Amino acid sequence: MTQTLESMVISEEDVEKLVDEEDLWAVLVWNDDVNTFAHVIKALIEILNHSLARAEQLADRIHTAGKAVVALRPKEEAAVVVRRFHGRGIQATMER
């Protein structure tokens, strides 16, 4: 079962430990003038299993800030997620 930040509270210490031990990469989705909110929301739900409410929140952040971190994953998983977004015509990158 995938848990989101909305469904649980993680201490800063636990987050730092997780990041240090897991070598997690941030998956970023970028705003563009081509993709609709509905398309981006659907991709966030289908690719990352985000809830509708979380996907809508992220889509709004992508639109207003120009980009948003949509997931933290080990490097290989992050690369797969980025390719899946690209397959839907959505610009995504990954950063350490």
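What you see is a predicted model; the values in this text were computed from it and never measured. Numbering starts at 1 and runs along the sequence shown.
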Q | Nearest heavy atoms of Asn35 and Gly89, plus distance in Å | A | ND2-O, 2.9 Å
(Q) For a side chain to side chain contact (heavy atoms under 4.5 Å, CB included) check, start with the C-alpha distance between Trp25 and Val82, then their side-chain angles and the critical distance, and finish with the verdict. (A) CA-CA 11 Å; Trp25 288 65; Val82 167; over 6 Å; no
Q: Check for a donor-acceptor pair, side chain of His86 on one end and backbone N or O of Gln91 on the other, with a separation under 3.5 Å.
A: no
Q. Does Arg88 offer a backbone N or O that forms a donor-acceptor pair with the side chain of His39 under 3.5 Å?
A. yes
Q) Looking at Leu24 and Pro74, what are the two nearest heavy atoms and their distance? A) CD2-N, 3.6 Å
**Q.** Residue of the set Asn31, Leu28, Thr93, Ile62 for which side chain to side chain contact (heavy atoms under 4.5 Å, CB included) holds with Lys67
**A.** Leu28
Q: Determine the minimum heavy-atom distance between Leu58 and Val69, stating which atoms define it.
A: CD2-O, 3.7 Å
(Q) As a quick check of understanding, evaluate side chain to side chain contact (heavy atoms under 4.5 Å, CB included) for Val81 and Ile47, giving each step before the final call. (A) CA-CA 7 Å; Val81 169; Ile47 294 171; 4.0 Å; yes
Q) Got a donor-acceptor contact below 3.5 angstrom from the Asp23 side chain to the Lys75 backbone? A) no
Q: Specify the closest pair of heavy atoms between Leu72 and Ala26, including all atoms of both residues, with the distance to one decimal.
A: CD2-CA, 3.7 Å
Q.
Give me the atom names and distance for the closest heavy-atom approach of Ala55 to His50.
A. N-CB, 4.2 Å
**Q.** Closest non-hydrogen atom pair, Ile45 against Ser51
**A.** CG1-O, 4.2 Å
Q: Starting from the C-alpha separation in whole Å, work towards a yes-or-no answer on side chain to side chain contact (heavy atoms under 4.5 Å, CB included) for Trp30 and Ile90.
A: CA-CA 8 Å; Trp30 296 80; Ile90 297 170; over 6 Å; no
